[in-house]
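Atoms within each ligand, like the ligands themselves, are counted from 1 in listed order. Computed from a prediction, not measured in an experiment: that's the story for all the values here. Hydrogens, waters and symmetry mates are skipped; everything else that's a heavy atom, side chains included, is used.
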Amino acid sequence: MKVSRRDFIQVGTAAASACAVSAQSPRRDAAEAGLASINLDPNQRILLRGGTIVSMDPAVGDFVQGDILIQGKKIAAVGTNVKTPGPAPRVIDASNTILIPGFIDCHRHSWEGVLRRIIPNGDIAKYTATTHQGFAQYYRPRDMYIGNLITALGCIDAGITCIIDNSHNSRSAAHSDAALQALFDSGIRAVHASGPPQREPWDHQWPQDLERLRKRFFSSDDQLVTLRMFSGLDRENYRAARKLGLRITTEFQGAAAAATLEQFWEEKLLGPDITYNHCGGLTDRAWQRIRESGGTVDVCPRSDPQYGLGDGLPAFQQALDHGIRPGLSVDNEVSYGTDMFTEMRVVFNIQRAFATNRRVNGDANPPRMVNVRDVLECGTVNGAACAGLTAKCGTLSPGKEADIVMIRTDDFNLYPSNNALGTVVAAADIKNVDTVIIGGVIRKSGGKMIGVNWSRLRPQIDESRNYLFQKAGYKLDIFSA
Ligand SMILES: [Zn+2]
């Protein structure tokens, strides 16, 4: 993409090599960052009692008032008046709350965390100039750590229990290590999709470094963080990922990408191990290829309209038209917030506007309007499929890991609660997220994050941001257009 000169951020004359300045240790101690280490008690028993349960699992169903028993890291039982033989569990009063599976954000560039809302009016040119062509080159491993950490903590606070971290600033092995360490330290469930930076200088250790990362961090699959590759449609990269048994995330949109996809189809390079981000403006044929190959798709309700991607509309309707149930993704926070509630609302309203528009303009076969359950499914179940984690999360099902969000319904904006799905999808907000549990560990309780020393962490965020601003010669203008 051609980027006009004035779209570039102000860059200082002292060109710095990101790799040369990465003197600080990539392994930041979680305690130093203000994070308490919370160890899961494998024998713990927690009973969430008397909440309205939206399980998103048809085999489990929903309950006006029900209980969820957590044993260790897993959901042991869901139902009314769940029996708890044996030692008494810790009981958490879930009355006046709605229990849902944790939200899953299928596509987030977590490293950009310290750049929150720096370009609220940005389009794709401005985004690229600010991130890939701008600040990215100055990132130290430490900045990767801080960016990933605050993104992950913001997600947990908002009830997003799982993210696919599309980490396209892997400038050195130490940068990848730091990004991963932050995900582990935060307590979020994450798929780290390791990708290369888009601008020199960098160590060119990627993609071969994926093998080292796998050995160092992923000796077991039985952990919250897993690994995959982030790559465009690239034969060599795809081969490298598959040799290591890694899934792939590819982000693309438009007719040119659709043509390349067709070539990949003919070469038998497409498969169910690929997740596609964005997907706006694709041809019908490209959608068929994605479906026939078993690929998963996440659409970007805010990102696509914000940055002017694809054909301008999130690809939600196209996905549905081609028999694909997509996940949702926030993409980044450089222009807007970390909020799955808003993503659900935007996609709900755009789809209904689109369906109505087709009907009133004489379309004999307009799409049906989606409902709130369809949209919550995108934010949970379909997201788990994109993450390759359907066996572990996405629904409140016995045997799955306990990734659970409790939403308060007795707050000023939600009381009285007359419809559970409507409350969650069409009305609730981050402030109503009372409790967040990930893999059986309570990360937020009573509306407060657990184990995060915010006053200790904040100066470290400031240091990272100030360092990046200074290296890039960027003058903060809080009212910039
Ligand atoms: Zn993206």
Indicate whether any N or O donor in one side chain lies under 3.5 Å from an N or O acceptor in the other, for Y127 and E112.
yes

With the Zn ion (ligand 1) as the point of reference, which N/O/S atom of D331 is the closest?
OD1

Are D165 and N148 side-chain neighbours, meaning at least one heavy-atom pair lies under 4.5 Å?
yes

Could you tell me whether the Zn ion (ligand 1) has an N, O or S atom of H107 under 2.8 Å away?
yes

How is the N/O/S atom of E251 that comes nearest to the Zn ion (ligand 1) named?
OE1

Does H109 bring an N, O or S atom to under 2.8 Å of the Zn ion (ligand 1)?
yes

Looking just at side-chain N and O atoms, do Y145 and S464 make a donor-acceptor pair shorter than 3.5 Å?
no

For the residue pair N413 and D429, confirm or rule out a side-chain donor-acceptor distance under 3.5 Å.
no

